[in-house]
Q: 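Sending over a structure as structure tokens; questions will come in a sec.
We name chains A, B, ... by the order of the sequence lines, and we start the count at 1 in each one.
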Protein chains: 2
Amino acid sequence: MSSSFTKRDFKDAAYGQMARLGKALASPKRLELLELLCQAGRSVEALAVETGMTLANTSQHLQVLQTARLVETSKNGRYVEYRLADTLVSNFFRSFRLLAENRLAEIEQIRRRFFNEEGELDPIDRETLLERLQQRKAILIDVRPANEYAAAHIPGALQIPLEQLKKRLSELPRNKEIVAYCRGPFCVLAKEAVDLLRAHGFRAARLEDGVPDWFAQGFPIATGDEPVRKHVSRAQ
Amino acid sequence: MSSSFTKRDFKDAAYGQMARLGKALASPKRLELLELLCQAGRSVEALAVETGMTLANTSQHLQVLQTARLVETSKNGRYVEYRLADTLVSNFFRSFRLLAENRLAEIEQIRRRFFNEEGELDPIDRETLLERLQQRKAILIDVRPANEYAAAHIPGALQIPLEQLKKRLSELPRNKEIVAYCRGPFCVLAKEAVDLLRAHGFRAARLEDGVPDWFAQGFPIATGDEPVRKHVSRAQ
DNA sequence: CAAACGATCAATTGATTCATTGAATGTCTT
DNA sequence: AAGACATTCAATGAATCAATTGATCGTTTG
């Protein structure tokens, strides 16, 4: 009765372990880090820049995620690359986000506030996109940084990181709708791309899916640096 | 530039909302409460007794879950019944548990420590169970409290709450294997049932699935108070 | 109406977590 | 070997969280 492993001990221990994961998910910044790592692994500094945190703070948050076994590291020279510990984590993170979107109406409000502020229309849905792509009425561009495209992208998507978009507008057809996607519904790259494209007279729309969403819906994904040439935009 | 809703504001707000859910999942006791509510709604007092917490503490944890919109309440007389806000929450909780089991090896150790301590063998798996049930070599009993059985149970399962098991041993056949299930892998009711049955000379095994697991695998579930009579055990 | 009871609230304690700072570690370059 | 650089560590104070206690609210029942 004294030192035995009781029912209560067992439950406390089991749920205590589960709570380790919960604690890792209890900070906005850690969630932002996780979402970035769902796109591609990267260095602490890159993550710090993306999230607007100091290096030390980023490092500590990453260590919390690592302690919860959600991410793992490898050392490349003097860089430490953090990446997801398992693709299971990416799937889980997606269902976590979906639960949040479903249960917390505030998220929809926040999104509306940001995306509709400047006249951004509703995003295009998967089915409409596929249809228009097949009819060659639209082309799809991936506006994330190059390394994320290399890690995984939607097959057939043209790679134009947002930072290059302005210079490469001539590569895009004016007689088609340009659909931009980025990391997912909380990422602003596609919105900025659409704003830029519209400002230059293109018809443009945003796809809310990120690569993990696309993949989770059963669609294929591609990897590697698909070399981008002029004719690729025609091949779309 | 001063009072506008920037990219950073948007991300902080969006991930901040997601973190509300994470925070709700960051406490062992709240996870235990959630798991109980995945079985059936119930009063604050019932939850306090099950989790071994004081009433006030239980109430506060439940309010945290409610603030995160994971559970909701209704008032019945002087009782307040808490229940899951959506079946989505149950599905999510299951994938959360699966992620924890998959990523945290400590959980498997804890489980082994508790279940193997007294010579408990490995649990029986779904497929084997279905096979034996069909061959009439086994019967399945649900050893959870009656209200949880009423809320949802595996079709064909005989309802024998653990507390009644000892008195109702005569209802069980000695020429078949008795398979007991309860709330899931972190629940100890089935283990205790199996221990009791074996102590009385029955062949008994534990099914690790709970009703939510069973349902998530695509199997049907039944509800209501299936009246249990002697002949039901033959009909199994 | 008064007593009993379920649940919540308010206030307190101690423990944990957060972001920041500056120092320390380890690795690459020259 | 020296310097530059990416990352981590350690220490600090502010903020948040967890559990307890006793009071309070609302409903039911005698």
Q: Expressed as a whole number of angstroms, how long is the span from B/Q66:CD to C/dA7:C1'?
A: 12 Å
Q: Can you tell me which nucleotide in D/dT7, D/dT27, C/dA19 comes closest to the side chain of A/S43?
A: D/dT7
Q: Are A/Y82 and D/dT8 close enough that a side-chain N or O sits under 4.0 Å from OP1 or OP2?
A: yes
Q: Charged N to carboxylate O below 4.0 Å: is that the case for A/E106 and B/R69?
A: yes
Q: Please state how far atom CG in A/L62 lies from atom P in D/dA6, giving the value in whole angstrom units.
A: 16 Å
Q: Between B/E81 (CD) and C/dT8 (P), how many Å, whole number?
A: 13 Å
Q: Hey, does the side chain of B/R78 come within less than 4.0 Å of D/dC25's phosphate (OP1/OP2), counting only N and O?
A: no
Q: Within the structure provided, determine whether A/L33 and A/V71 are in side-chain contact (heavy-atom separation under 4.5 Å).
A: no
Q: Just the rounded figure in Å: distance from C1' of C/dC28 to NZ of A/K75.
A: 11 Å
Q: Contact class for A/T58 vs. all strands (heavy atom < 4.0 Å): base, sugar-phosphate, or nothing?
A: nothing
Q: How many Å lie between NZ on B/K23 and C1' on C/dT17, as a whole number?
A: 10 Å
Q: By nearest heavy atom, map B/L55 and A/A56 onto DNA chain C; which one lands nearer the 5' end?
A: B/L55
Q: Whole-Å distance between D/dA6 P and A/Y79 OH?
A: 5 Å
Q: So which nucleotide from C/dA7, C/dA11, D/dA10 ends up closest to the side chain of B/Q60?
A: C/dA11
Q: Both A/S27 and A/N76 contact DNA chain C. Taking the nearest nucleotide for each, which residue is further toward the 5' end?
A: A/S27
Q: Could you tell me the separation between the CG atom of A/L33 and the C1' atom of C/dC18, rounded to a whole number of Å?
A: 14 Å
Q: Return no unless some side-chain N or O of A/H61 is found under 4.0 Å from OP1 or OP2 of C/dT17.
A: no
Q: Does D/dC9 have its OP1 or OP2 closer than 4.0 Å to a side-chain nitrogen or oxygen of A/Q63?
A: yes
Q: Ignoring hydrogens and angles, state whether a donor on the side chain of B/Q63 or B/T67 is under 3.5 Å from an acceptor on the partner side chain.
A: no
Q: Between A/Q109 and A/R112, does any side-chain donor sit less than 3.5 Å from a side-chain acceptor?
A: no
Q: Starting at atom NZ of A/K29, determine the distance to atom P of D/dA15, rounded to an integer number of angstrom.
A: 18 Å
Q: When you measure from the side-chain N and O atoms of B/S59 to the phosphate of C/dA7, is any distance below 4.0 Å, counting only OP1 and OP2?
A: no
Q: Tell me the closest heavy-atom pair linking A/V179 and A/R206, and the distance in Å.
A: CG1-C, 4.5 Å
